[in-house]
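Single-structure report; data block below.
Side chains are part of it too, since the values below use all heavy atoms of this structure and drop only hydrogens, waters and symmetry mates. Positions are given from 1 along the sequence.
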Amino acid sequence: MRLTELVPPTYAGYRPLLADGLLYFLERLSPIRQQAIFAAQLGLPSNVSRARRMLALFRLCPTLHKLGQVVAHDRRLSLDLRLRLQELETLVPTDSLVAIRPLLERELGQIAGLQIGRKAIAEASVAVVLPFLWRQAGGTLPQRGVLKILRPGVQDRLNEELAIWPALGGFLEERCAHYGLPVFDYHNTLETVARLLANEVCLDREQTHLSQAADFYACSPDIFIPRLFPFSTPSVTAMERVDGCKVTRQDLPATEMRQRAERIIRALLAQPFWACQEAGAVFHADPHAGNLMATPDGRLAIIDWALTTRLSKRQCEAVVQLVLGAVTLNDRRICAAIAVLGQPVDDARVQAAVKESIRQVRCGNFPGFGWMTSLMDTLASTSAVRFPEEVILFRKALLTLSGVLPDVSPQMNMDGVLIREGAMRFFKGLAWRPWVWADSRGRVGAHLSNADLFGLWAELPATALRFWVGNDE
C-alpha cells in the first residue's frame with residue numbers, strides 16, 4: 001500500500017524501518033484478524049488515498065488507533081493525513097447493539113427509571129457510548145447520561161496486539177542497526193506503553209480517576225468533569241452526558257479561541273504541575289481533541305480518564321531545576337535534574353546533549369517546555385537516558401497537547417500560561433517562606449526553596465560569564 005510514503009520527507013530515512021515494523025506487526029496477528037484487515041482494504045475504491053487506507057487499518061487495530069490519535073494534530077504531517085487521523089478521535093459507531101445489550105443486561109440488571117437509547121452516539125478505540133435517561137425515584141426531571149462499554153471483542157484484540165509490542169521493540173532496534181539509524185530504546189519504551197494502554201479496558205480504574213479529577217477541579221468553575229452515576233459497574237461506566245463540540249472547532253472569535261486554548265493549558269498542565277503536593281501530580285495522559293470538549297456555556301469538559309500518569313513531587317521539582325539550569329547555563333544542574341527524571345546510561349552522550357541544549361539557549365532559544373521536551377527526546381533517541389513509564393506517558397501527553405493547541409489557537413503560547421500560573425503560586429507562598437527550612441520546597445510554592453532563590457542570586461555573575469564565554473572548555 002506504500003503507506004510509508006505518508007512519513008514526512010524530513011524523516012524519509014525512517015520509511016524502511018516503518019515498513020518493516022508494520023509488516024512485523026501485521027504478520028503476527030491471527031489469520032482471522034489478517035483476513036478482516038485485508039477485506040477492509042479490498043472494500044475501498046482502487047483510487048482511494050493512502051491516508052484513507054491507513055485510517056481503515058487503524059480502525060481495526062486498537063493500539064494503532066490510539067497511536068493515530070496521539071499524532072493526529074502533529075503539524076509535521078500533511079494536512080490530508082492529519083484530517084484523516086482526526087477522524088479517529090470521534091468515530092461514527094459501527095458495532096451492532098445486538099452484541100452489546102446482553103452485557104448491559106447482565107451488568108446493570110433492572111434499574112428503575114433507566115431508559116437506554118436505541119443507537120450508540122460515539123465509538124472510540126476500545127469503547128462504544130450509548131445515551132440514556134434516568135428518572136430517579138422522587139426526582140422531578142430525568143437525568144441525561146451515557147453508558148461507556150467495551151466494544152465486542154476489543155479485549156481480545158488489544159491483548160493480542162499488546163503481546164506483540166515488546167518483541168516489536170527488539171525487532172526495531174535490530175533494523176535500526178541494519179539501516180544505520182540511531183538505535184532508540186524501542187523495546188523498553190513499547191513495553192512500557194503496552195502496559196499503560198492495557199488500562200484502556202479497565203473501566204473501573206477510569207471511574208476512580210474520574211472521581212479523583214472531580215475532586216481536584218471542584219474549585220475550577222470553568223472545568224467540567226462528568227459526574228458518575230451510582231449504577232456504574234467494573235465493566236460499564238455510567239456518567240453524565242457532555243454537550244458541546246471538540247475544542248478544535250473554530251466556532252468563536254479569535255480572542256475567545258485563545259482563551260479556550262489557555263484554559264486547556266491551565267487545566268491539563270499548569271494546575272496539576274504547580275499544585276503538586278507530596279502525593280505527586282496527576283495528569284490526563286490522553287488529551288487528544290476527542291477527549292476535550294467545549295460546552296455551550298464556555299467550560300472545558302475533560303472526558304475519558306482511562307489513562308493518567310503521576311509525577312512525584314521530586315520529579316516536578318526536577319523539571320523546575322532543569323529549566324533553572326538552562327536559565328543559568330549550568331550544565332551540572334541540568335545533568336542532576338536529568339538523573340532524577342530518568343536513569344542515565346551513557347554519561348558522555350548526556351553531557352553532549354546538555355551542552356548542545358545550552359548552546360541553543362545562548363543562541364536565543366527560550367528554555368520552556370519545547371526546549372525541555374526536545375532535550376528529553378534527544379536523550380531518549382540516543383539511548384543516553386532510560387526514562388520511567390510515568391515520564392514517558394507525560395511526554396506522550398505533551399506531544400498530543402502540542403499538536404492540539406495550535407488547532408485551537410495558533411497564537412497560544414504554552415510557556416506563557418505555565419510561567420504565569422507558577423508566578424501566582426510563588427507569590428501565594430511568600431508568606432510561608434520566613435517560617436520554613438531553607439531547603440524546603442513544600443508549602444512555599446513553585447517548587448523552589450529559599451536556598452534555590454539564594455543560589456540563583458549568588459550565581460548571577462557566573463551565569464553572565466557563561467553567557468559571554470560559553471561552556472566549551
Hey, is CZ on R249 packed in by over 12 heavy atoms from elsewhere, all under 6.0 Å?
no
Are the side chain of E206 and the backbone N or O of E200 linked by a donor-acceptor pair below 3.5 Å?
no
Spacing of F38 atom CZ and L57 atom CG [to the nearest 0.5 Å]:
13.0 Å
Roughly how far, to the nearest 0.5 Å, is the CD1 atom of I334 from the CD atom of Q351?
12.0 Å
For the pair F58 and L85, evaluate side chain to side chain contact (heavy atoms under 4.5 Å, CB included) and give the outcome as yes or no after the intermediate values.
CA-CA 9 Å; F58 281 17; L85 291 175; 4.0 Å; yes
Donor-acceptor pair, side chain of T309 and main chain of F283, under 3.5 angstrom
no
Test of understanding: with salt bridge (Lys or Arg N to Asp or Glu O under 4.0 Å), list the residues that count as partners of E89, not counting sequence neighbours.
K246
Is any side-chain heavy atom of D74 closer than 4.5 Å to one of L399?
yes
Taking all non-hydrogen atoms of both residues, which atom of P16 and which atom of Y179 are closest, and how far apart?
CB-CZ, 3.6 Å
To the closest 0.5 Å, what do you measure between CG (L203) and CD (Q207)?
6.5 Å
Looking at E123 and R59, is there a salt bridge between them, counting it only when a charged N and a carboxylate O are closer than 4.0 Å?
yes
Would you confirm whether R53, through its side chain, and Q41, through its main-chain N or O, come within 3.5 Å as a donor-acceptor pair?
yes
How about V345 and S383: do any of their side-chain heavy atoms sit closer than 4.5 Å?
no
Within the structure provided, determine whether I338 and M376 are in side-chain contact (heavy-atom separation under 4.5 Å).
no
Verify, without hydrogens or angle tests, whether K396 (side chain) and A285 (backbone) share a donor-acceptor contact under 3.5 angstrom.
yes
Write down the atom of A353, the atom of T378, and the distance for their closest heavy-atom approach.
CB-CG2, 4.0 Å
Under a 4.0 Å N-O cut-off, is there an ion pair linking R157 with E160?
no
Short side-chain to backbone donor-acceptor contact, R310 and A279, under 3.5 Å:
yes
Quick one: OG on S374 to CG on L379, what's the gap to the nearest 0.5 Å?
9.5 Å
Answer yes or no: is there a side-chain heavy-atom contact under 4.5 Å between V282 and P272?
no
V404 side chain near P287 side chain, heavy-atom distance below 4.5 Å:
no
Walk me through whether R144 and D243 qualify under side chain to side chain contact (heavy atoms under 4.5 Å, CB included).
CA-CA 10 Å; R144 301 167 65 246; D243 293 317; 2.9 Å; yes
Short side-chain to backbone donor-acceptor contact, R75 and P406, under 3.5 Å:
yes
Parallel, tilted or perpendicular for H447 and W274, by the 30°/60° rule?
parallel
List the atom of A51, the atom of R84, and the distance in Å for their closest heavy-atom pair.
CB-CG, 3.6 Å
Do F273 and V320 pass the side chain to side chain contact (heavy atoms under 4.5 Å, CB included) test, and can you show the C-alpha distance, the side-chain angles, and the key distance before you say yes or no?
CA-CA 10 Å; F273 183 82; V320 174; 3.9 Å; yes
Any side-chain donor paired with an acceptor under 3.5 Å for S220 and Q271?
yes
Can you list every pair that meets salt bridge (charged side-chain N to carboxylate O under 4.0 Å, His left out) and has a residue in residues 269-278, with sequence neighbours left out?
none
Just checking, is any N or O donor in the side chain of T295 or D297 under 3.5 Å from an acceptor N or O on the other one?
yes
Is the shortest heavy-atom distance from the side chain of F394 to the side chain of L269 under 4.5 Å?
yes
Evaluate the criterion side chain to side chain contact (heavy atoms under 4.5 Å, CB included) for residue pair D204 and C202; output intermediate values, then yes/no.
CA-CA 6 Å; D204 53 345; C202 299; 3.8 Å; yes
Is the closest side-chain heavy-atom distance between D407 and Q86 below 4.5 Å?
yes
I'd like to know whether CZ of R227 has more than 12 heavy-atom contacts from other residues, nucleotides or ligands below 6.0 angstrom.
yes
Specify whether F171 and Y24 have parallel, tilted or perpendicular ring planes, treating 30° as the upper limit for parallel and 60° as the lower limit for perpendicular.
parallel
Answer yes or no: are there more than 12 heavy-atom neighbours, outside R15 itself, under 6.0 Å from its atom CZ?
yes
Closest non-hydrogen contact found for G244 with P296 is CA-CD, 4.1 Å
With respect to D222, which candidate in R263, R260, R299 satisfies the salt bridge (charged side-chain N to carboxylate O under 4.0 Å, His left out) definition?
R263
For F25, is the NZ or CZ atom of R28 found under 6.0 angstrom from the centre of its six-membered ring and inside 45 degrees of the ring axis?
no
Which value, rounded to the nearest 0.5 Å, describes the distance between K148 atom NZ and L150 atom CG?
8.5 Å
Would a 4.5 Å heavy-atom cut-off, applied to side chains only, mark M412 and I264 as touching?
no
Can you check whether F369's main-chain N or O pairs, donor with acceptor, with D415's side chain at less than 3.5 Å?
yes
Between H284 and the options I303, I302, L307, the side-chain contact (heavy atoms from CB on, under 4.5 Å) test singles out I302
Counting only N and O atoms by type, is there a donor-acceptor contact under 3.5 Å from the side chain of H65 to the main-chain atoms of L88?
yes
Working to the nearest 0.5 Å, report the span between SG of C245 and CG of D251.
4.0 Å
Ion pair E262/R420, N-O distance below 4.0 Å:
yes
Heavy-atom pair of closest approach, residues C316 and L311:
SG-CB, 4.0 Å
Are the side chain of D304 and the backbone N or O of D286 linked by a donor-acceptor pair below 3.5 Å?
no
Check: Q155 main-chain N/O paired with N159 side-chain donor or acceptor under 3.5 Å
yes
Short N-O contact, E317 and K313, less than 4.0 angstrom:
yes
Between T382 and R349 the two heavy atoms that sit nearest each other are O-NH1, 2.5 Å
